[in-house]
Student: 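Once you've had a glance at the structure underneath, I'll fire off some questions.
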Amino acid sequence: MTNTKKTTGKVIATVLALVIALSSLSLIAASSVSALSYGGSAQGNADQKTFVSVIDKTKDMNTTAKAYYFKALGKTKKGYDWTYKTNNDIFTVKCKYDFDAHKYTFKITGKAKGTAKIKLCYKQNDSTWVKVPMTIKVDAQKNITRVA
């Protein structure tokens, strides 16, 4: 009777080990199939959420970004001077001036959706104003694109 209990125990242990092994293999196979389903094109995965990445900053035209940068050179006796005019107040303009390199760095960021024409003006020297016309678009997420 003792041998029967030992044999039955070994059979049960073997069956359990086999069940566990098969369960693990099926779980791994299901995970592989699930991971493969995320590959392919956006059209192939239309039911999945689509993410649009936006660049933090750009100096390029027709590129959407959180901020548009415009750089220029200029030096006056006082250092620098700048201003701008617009037909639509949907953005902010900030300027950093590097006194050593005599370089303007303008940062334009969106604050409301729309399109605006800008005339950015800065002093190249004591007597010369440079006027840079721009057209910008701001989307609903306040991303900005310089289109002209």
Side-chain angles (χ1 to χ4, degrees), residues 9-148:
K10 287 181 181 179
V11 170
I12 291 172
T14 303
V15 170
L16 283 174
L18 187 57
V19 168
I20 290 170
L22 289 174
S23 296
S24 297
L25 285 174
S26 65
L27 182 62
I28 290 170
S31 296
S32 296
V33 169
S34 176
L36 290 174
S37 70
Y38 284 96
S41 67
Q43 287 87 8
N45 297 317
D47 59 328
Q48 297 175 14
K49 188 174 181 180
T50 304
F51 293 99
V52 177
S53 68
V54 176
I55 301 169
D56 286 339
K57 60 184 178 178
T58 185
K59 59 181 178 46
D60 300 324
M61 291 188 48
N62 299 315
T63 301
T64 302
K66 290 291 181 189
Y68 173 77
Y69 284 81
F70 179 80
K71 295 184 179 186
L73 295 175
K75 178 183 175 186
T76 67
K77 290 178 184 174
K78 295 180 181 178
Y80 68 106
D81 195 5
W82 68 278
T83 188
Y84 70 92
K85 296 175 186 175
T86 185
N87 67 337
N88 195 354
D89 191 27
I90 59 169
F91 59 90
T92 58
V93 179
K94 293 183 180 177
C95 179
K96 287 187 178 179
Y97 186 75
D98 181 338
F99 285 92
D100 294 330
H102 311 293
K103 186 186 296 183
Y104 295 89
T105 302
F106 297 96
K107 178 182 179 183
I108 304 172
T109 54
K111 63 181 186 178
K113 183 178 177 179
T115 301
K117 293 195 179 285
I118 306 170
K119 191 175 287 184
L120 184 64
C121 306
Y122 64 92
K123 277 229 171 162
Q124 187 175 32
N125 55 48
D126 287 326
S127 60
T128 306
W129 280 95
V130 176
K131 297 174 184 174
V132 182
M134 298 181 193
T135 301
I136 62 162
K137 288 186 178 183
V138 178
D139 66 18
Q141 290 76 36
K142 299 180 183 170
N143 300 313
I144 193 165
T145 305
R146 180 179 175 191
V147 294

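Computed over heavy atoms, backbone and side chain alike; hydrogens, waters and symmetry mates excluded. Numbers here are sequence positions counted from 1.
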Student: My understanding is that only residues two or more places apart in sequence, or in another chain, count here; which of them pass salt bridge (Lys or Arg N to Asp or Glu O under 4.0 Å) with Lys111?
Tutor: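 Listed in chain order: Asp89.
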
Student: Would you give the length of the straight line joining atom CE of Met134 to atom OG1 of Thr86, rounded to the nearest 0.5 angstrom?
Tutor: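 Spacing of CE (Met134) from OG1 (Thr86) equals 11.0 Å.
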
Student: In Å, rounded to the nearest 0.5 Å, how long is the span from CG of Leu73 to NZ of Lys71?
Tutor: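 Result: 10.5 Å between the selected atoms.
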
Student: Main chain of Val147, side chain of Thr145: is a donor-acceptor contact present, judged purely on distance under 3.5 Å?
Tutor: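 Between the backbone of Val147 and the side chain of Thr145 there is no qualifying donor-acceptor contact (under 3.5 Å).
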
Student: Can you pull the ring pair (Phe, Tyr, Trp, His ring centres under 6.0 Å) pairs that have at least one residue in residues 126-148, sequence neighbours excluded?
Tutor: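 Listed once each, the pairs would be none.
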
Student: For the residue pair Ala65 and Thr58, what are the closest heavy atoms and their distance?
Tutor: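 Closest approach of Ala65 to Thr58: CB-CG2, 3.5 Å.
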
Student: Taking the side chain as everything from C-beta on, heavy atoms only, tell me whether Lys57 gets closer than 4.5 Å to Ile55.
Tutor: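 No, side chains not in contact.
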
Student: Do other residues, nucleotides or ligands put more than 12 heavy atoms under 6.0 Å from Lys66 NZ?
Tutor: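 Count over threshold, so yes.
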
Student: Supply the atom-to-atom distance Ile108 CD1 to Ile90 CD1, rounded to the nearest 0.5 angstrom.
Tutor: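 Rounded to the nearest 0.5 Å, the CD1-CD1 separation comes to 10.5 Å.
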
Student: Who are the ring pair (Phe, Tyr, Trp, His ring centres under 6.0 Å) partners of Phe106, not counting sequence neighbours?
Tutor: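 Only Trp82, Tyr104 meet the ring pair (Phe, Tyr, Trp, His ring centres under 6.0 Å) criterion with Phe106.
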
Student: First locate atom OG1 of Thr83, then atom NZ of Lys131, and finally report the distance between them rounded to the nearest 0.5 Å.
Tutor: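 It comes to 11.0 Å.
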
Student: I need the Asn125 CG to Thr76 OG1 distance, nearest 0.5 Å.
Tutor: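 Atom-to-atom, Asn125:CG and Thr76:OG1 are 9.0 Å apart.
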
Student: Can you pull out every salt bridge (Lys or Arg N to Asp or Glu O under 4.0 Å) where at least one residue sits in residues 93-102? Sequence neighbours excluded, please.
Tutor: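 Non-adjacent pairs meeting salt bridge (Lys or Arg N to Asp or Glu O under 4.0 Å): zero.
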
Student: Report, one line per pair, each donor and acceptor closer than 3.5 Å where one atom sits in a side chain of residues 117-124; sequence neighbours left out.
Tutor:
| from | atom 1 | to | atom 2 | distance (Å) |
| --- | --- | --- | --- | --- |
| Lys123 | NZ | Asp126 | O | 2.8 |

Student: With Tyr68, which residues qualify under side chain to side chain donor-acceptor pair (under 3.5 Å), at least two apart?
Tutor: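 Tyr68: side chain to side chain donor-acceptor pair (under 3.5 Å) contacts with Arg146.
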
Student: Of all heavy-atom pairs between Ala67 and Thr109, which one has the smallest distance, and what is that distance?
Tutor: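 Distance-wise, the nearest heavy atoms are CB-CG2, 3.7 Å.
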
Student: Are any non-hydrogen side-chain atoms of Phe70 and Val132 less than 4.5 angstrom apart?
Tutor: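 SC-SC contact between Phe70 and Val132 confirmed.
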
Student: State, with a plain yes or no, whether a side-chain heavy atom of Thr115 is found less than 4.5 Å away from one of Thr135.
Tutor: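 Side-chain contact under 4.5 Å: yes.
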
Student: Look at the aromatic rings of Phe99 and Tyr80 and report parallel, tilted or perpendicular, splitting at 30° and 60°.
Tutor: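 Taking Tyr80 first and then Phe99, their aromatic rings stand perpendicular (interplane angle over 60°).
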
Student: If we ignore hydrogens and angles and just use 3.5 Å, is the side chain of Asp139 paired with the main-chain N or O of Lys142 as donor and acceptor?
Tutor: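 Checking the backbone N and O of Lys142 against the side chain of Asp139, a donor-acceptor pair under 3.5 Å is found.
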
